[in-house]
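Each chain gets a letter, A, B and so on, in the order its sequence line appears, and its residues count up from 1.
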Protein chains: 2
Amino acid sequence: MARITRKESHAQTRERLVETAYRLFMADGYNATSLDKVAAEAGFSKGAVYSNFATKTELGLAVLDVLHLERAMSLAAAVLEAETAEDRIAGFAKWADENIGDVGWGALEVEFATSNRNVPGVNNELASRRRLLTAALGDLLEQQATDLGLVLPMPAEDAATQLLALGIGLGLQRAFDPELPVTGIVDQLRSLLERSTPIDPSGR
Amino acid sequence: MARITRKESHAQTRERLVETAYRLFMADGYNATSLDKVAAEAGFSKGAVYSNFATKTELGLAVLDVLHLERAMSLAAAVLEAETAEDRIAGFAKWADENIGDVGWGALEVEFATSNRNVPGVNNELASRRRLLTAALGDLLEQQATDLGLVLPMPAEDAATQLLALGIGLGLQRAFDPELPVTGIVDQLRSLLERSTPIDPSGR
DNA sequence: GTCTATACGGTGATAGAC
DNA sequence: GTCTATCACCGTATAGAC
């Protein structure tokens, strides 16, 4: 009974630390949040953090993984549950407003990336995460276009890259200027669809 | 003769500090560059920084001002010296490749913004700089469109906001994944022009 | 008034006790 | 594995030299 408690308790400690760091990083930022604060808020000492994560950077990567999974699932849910093309755009618009409009997300994402850009190995970690996200977004786009009987005006991955870049740029600027509207990205998506051509069943 | 030396020397010190900080911030990042290093590299003590700038944040804002002016001028030059529409797009493409492709710029811009997002007053400073940049870019767009006899498919300022966001997003992702191509922003600009309509001389 | 010298609180990281 | 003690370093602040 107590045999698996060790590993379980370790995982629980790790999970609680990530969860606490997630909340604090989003609220106050990555650099402004000290490991001492994270540990104290989670009910541990700073040493507990270092027994679970080699560096603050690794804790940050773990937080980003949770964040990415969470947002990717909510985006997929928002789009996949709609039926008509307009409903899907509306679902995307709602998701964009709630998520890209969320000041904390974009800010945390880029603060971490830039603050760790000289840390060895981190760039590769972030690059692989970006490719994963872009591929997933591209698949979603392509699938949606196919469902609607459309052919995108450019490779789905390129469209995904541009939408992601636009989302990052808009979300980031909103971090210090909340008046900036997020609607631009919805316009872009709409324009992407308008520039799409109907699928030719003959294949050519 | 030595009467103006005081103010001049002060201005020179300030200029040299900004210049040194510019170089180090771009190369190593904002957080990774200590004020001690900036001062030493410029040939001063750390206190000299403090006598010219109240905080590290203010030094960062001064660096950003120099950076913005520099890039805005180079963009205007790249676009305005061209004659034909295609030459202007080519000029923009070259500028985008050299500047948005520059890893340091986007990274510094957003690292500073996010790392200081809780510092009182900084958000307003950055927001006003963003509005200035957006307005200038919008004017440039509108002027170019008019010269080419085109009407943009959206307000010039909205187009500028989207292009700026896209540039930030692309430049930032290139900071940790240099393989990502910058061509997306040129495609966007081209698409913007393609969706423009000829000016109707009748006014309606 | 501008710069140097020095000090303070707090940070990420490390070593060793339990 | 977690905690305490400790380190080097950072941004900030002050006192004093010139």
Side-chain angles (χ1 to χ4, degrees), chain A residues 2-21 24-25 28-63 111-112 114-122, chain B residues 2-21 24-25 27-63 108 111-112 114-122:
Chain A
R3 238 177 298 170
I4 48 172
T5 307
R6 280 282 173 74
K7 194 181 288 181
E8 275 187 354
S9 118
H10 185 55
Q12 271 186 16
T13 300
R14 189 185 158 94
E15 190 176 353
R16 188 150 37 150
L17 284 172
V18 171
E19 190 180 308
T20 306
L24 293 178
F25 284 172
D28 304 328
Y30 175 78
N31 290 295
T33 303
S34 70
L35 293 181
D36 220 344
K37 202 169 174 180
V38 173
E41 197 116 346
F44 296 97
S45 173
K46 195 167 52 170
V49 177
Y50 276 98
S51 101
N52 283 274
F53 304 94
T55 61
K56 186 181 183 182
T57 300
E58 282 201 14
L59 173 61
L61 284 174
V63 168
E111 182 184 4
F112 179 82
T114 52
S115 298
N116 290 282
R117 72 172 158 130
N118 290 329
V119 179
V122 166
Chain B
R3 237 178 297 171
I4 48 173
T5 306
R6 278 285 173 76
K7 192 181 287 183
E8 273 187 357
S9 122
H10 186 52
Q12 272 184 15
T13 300
R14 188 186 159 95
E15 191 178 352
R16 188 149 39 151
L17 284 173
V18 171
E19 189 181 308
T20 306
L24 292 178
F25 286 172
D28 305 328
Y30 175 78
N31 290 295
T33 303
S34 70
L35 292 182
D36 221 343
K37 201 168 173 181
V38 173
E41 196 114 349
F44 296 97
S45 170
K46 197 166 52 168
V49 179
Y50 201 80
S51 119
N52 282 273
F53 305 94
T55 61
K56 186 180 183 180
T57 300
E58 283 200 13
L59 174 60
L61 285 174
V63 168
L108 173 59
E111 183 183 4
F112 179 83
T114 52
S115 298
N116 289 282
R117 70 171 159 132
N118 290 328
V119 179
V122 166

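- When rounded to the nearest whole Å, the span between CD of E58(B) and P of dG11(D) equals 15 Å.
- Closest approach of T33(A) to K56(A), counting heavy atoms only: O-NZ, 2.9 Å.
- T33(A) comes within contact range of the sugar-phosphate backbone alone, with a heavy-atom separation under 4.0 Å but no base atom that close.
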Every protein N/O lying under 3.5 Å from an N/O of nucleotides 3-7 of chain C:
unit_1, atom_1, unit_2, atom_2, d
dC3(C), OP1, T13(B), OG1, 2.7
dC3(C), OP2, S51(B), OG, 3.3
dC3(C), OP2, N52(B), ND2, 3.2
dT4(C), OP2, S45(B), N, 2.5

task = Show your working on side chain to side chain contact (heavy atoms under 4.5 Å, CB included) between V18(B) and F53(B) and close with a plain yes or no.
result = CA-CA 10 Å; V18(B) 171; F53(B) 305 94; 3.6 Å; yes
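- The CG atom of N116(B) sits 12 Å away from the P atom of dG11(D) (whole-angstrom rounding).
- Close to dT12(D), at under 4.0 Å from its OP1 or OP2, lies no side-chain N or O of Y50(B).
- Minimum heavy-atom separation, Y50(A) to L35(A): OH-CD1, 3.3 Å.
- Rounded to an integer number of Å, the gap from NZ of K56(B) to P of dC10(D) is 9 Å.
- A donor-acceptor pair under 3.5 Å links the side-chain atoms of S115(A) to the main chain of E111(A), judged by distance alone.
- Side-chain contact between F112(B) and L61(B): present, with at least one pair of heavy atoms (C-beta onward) separated by less than 4.5 Å.
- In this structure, N31(A) atom CG and dG11(D) atom P are separated by 11 Å, rounded to whole Å.
- Contact detail for D28(A) and R117(B): the closest heavy-atom pair is C-NH2, 3.9 Å.
- For S34(B), whose side chain is taken as the heavy atoms from C-beta onward, the closest listed nucleotide among dA13(C), dC10(D), dT11(C) is dC10(D).
- Put simply, CZ on F25(A) is 9 Å from P on dG12(C), counting in whole angstrom units.
- Rounded to whole angstrom, the span from the CG atom of D28(B) across to the C1' atom of dC10(D) amounts to 15 Å.
- What separates CG of L35(B) from C1' of dA13(D) is a distance of 13 Å, to the nearest Å.
- Atom CD in Q12(B) sits about 14 Å away from atom P in dT2(C), given to the nearest Å.
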ask   = Between Y30(B) and T57(B), is a side chain to side chain contact (heavy atoms under 4.5 Å, CB included) present by the stated rule, with each step listed?
value = CA-CA 10 Å; Y30(B) 175 78; T57(B) 300; 4.0 Å; yes
